Amino acid sequence: DAGVIQSPRHEVTEMGQEVTLRCKPISGHDYLFWYRQTMMRGLELLIYFNNNVPIDDSGMPEDRFSAKMPNASFSTLKIQPSEPRDSAVYFCASRSMIDSGNTIYFGEGSWLTVV
Amino acid sequence: DQQVKQNSPSLSVQEGRISILNCDYTNSMFDYFLWYKKYPAEGPTFLISISSIKDKNEDGRFTVFLNKSAKHLSLHIVPSQPGDSAVYFCAASARGGADGLTFGKGTHLIIQP
């Protein structure tokens, strides 16, 4: 059974460019989360969706960040324009409240470097 | 203001001995706690969890202890094995997990041969 799938795995981009990270959650999961991992702040929750609807985006650092979930099997996290301080590992995760309760399942992450 | 704190960035333990990883939390609304394990270049994977109605949960070599009055939990690994070398994240949730998980910064466990 496929896990959470993220793309790209690695992205190097120049400051000011637009970055789009993609995520396919586990089939049947009704929650989708975007986390960011940095050395300074650890794993931070950026935004999460329930049944494709954004529930809490209070963790999104700035207006430069936006996330969408057009359907149950796809989500994007966009940074425009990107800045060097956005360099981090971005994780997508999903969960089924019925099947997995509080446990969320992570993808392998998208390593973003903004130069 | 960090609601979940792992005060030891790293921990070194000899193979075969017990590893004890600690975690403190400040939000009294947290009612479910989890430990995740992360290898380099991989996503975190679920390890073990505990509900606030319990004070201990065991799964093979892994045991999680919860002390609600002290707002403290710990993960015990006995015996420690080389494959246990990883970063361990403590996580907590409130309202039955409806708001997602709040993570600590992680503890890098190094098992020495």
Side-chain angles (χ1 to χ4, degrees), chain A residues 2-10 21 23-26 29-51 53-60 67 88-111, chain B residues 1-10 21 23-25 27 29-54 57 59 62 64 66 73 86-108:
Chain A
V4 176
I5 299 172
Q6 292 186 244
S7 64
R9 288 298 312 277
H10 297 89
L21 308 178
C23 176
K24 177 179 168 52
I26 293 172
H29 281 194
D30 52 351
Y31 281 81
L32 183 139
F33 305 85
W34 281 100
Y35 281 87
R36 176 172 70 174
Q37 183 188 15
T38 61
M39 289 293 293
M40 290 296 294
R41 301 176 69 88
L43 271 167
E44 302 174 272
L45 177 63
L46 301 178
I47 185 172
Y48 77 93
F49 297 81
N50 177 215
N51 292 322
V53 177
I55 303 301
D56 184 355
D57 65 354
S58 60
M60 297 285 262
V89 185
Y90 291 81
F91 288 103
C92 178
S94 69
R95 175 183 74 194
S96 164
M97 281 298 286
I98 295 174
D99 294 338
S100 60
N102 287 278
T103 303
I104 66 174
Y105 297 89
F106 285 83
E108 294 193 323
S110 292
W111 294 66
Chain B
D1 182 31
Q2 274 217 300
Q3 298 185 64
V4 178
K5 299 178 184 178
Q6 294 177 256
N7 292 321
S8 298
S10 66
L21 295 93
C23 177
D24 297 294
Y25 61 95
N27 188 342
M29 299 301 291
F30 287 146
D31 55 12
Y32 202 82
F33 305 89
L34 307 90
W35 285 94
Y36 279 76
K37 177 179 180 180
K38 185 184 180 303
Y39 292 120
E42 295 184 10
T45 56
F46 169 73
L47 188 59
I48 191 170
S49 62
I50 187 168
S51 164
S52 60
I53 63 173
K54 295 185 176 182
N57 187 28
D59 183 3
F62 302 92
V64 56
L66 175 62
L73 65 156
V87 177
Y88 290 79
F89 289 97
C90 173
S93 68
R95 302 198 309 122
D99 293 334
L101 299 179
T102 301
F103 284 85
K105 289 187 178 181
T107 296
H108 186 194

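Lettering follows sequence order; numbering is per chain, from 1. Basis for what follows: all heavy atoms, side chains included, without hydrogens, waters or symmetry-related copies. Predicted model, so just to flag it, every value in this text is computed and none were measured.
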Nearest 0.5 Å, what's the CG-CG distance between B/Leu101 and A/Leu43? 10.0 Å
Max heavy-atom pairs within cutoff under 4.5 Å with chain A, candidates B/Ala41, B/Ser51, B/Gly106, goes to B/Ala41
Considering only heavy atoms, which portion of A/Leu45 lies under 4.5 Å from any heavy atom of chain B: side chain, backbone, both, or neither? side chain
Per-residue contact mode, A/Arg9 against chain B (heavy atom under 4.5 angstrom): side chain
Distance col, row A/Phe106:CZ vs B/Lys38:NZ, nearest 0.5 angstrom, shows 10.5 Å
Any donor-acceptor pair under 3.5 Å linking the side chain of B/Lys105 with the backbone of A/Met40? yes
Do A/Tyr35 and B/Phe103 have ring centres separated by under 6.0 Å? yes
Best-contacting candidate, A/Tyr105, A/Phe91, A/Trp111, against chain B by heavy atom pairs under 4.5 angstrom: A/Phe91
Quick one: what part of A/Gln37 sits under 4.5 Å from any heavy atom of chain B, side chain, backbone, both or neither? side chain
Taking atom CD of A/Glu44 and atom OG1 of B/Thr102, what is their separation to the nearest 0.5 Å? 11.0 Å
What's the spacing between B/Ser93 OG and A/Ile104 CD1 if we round to 0.5 Å? 9.5 Å
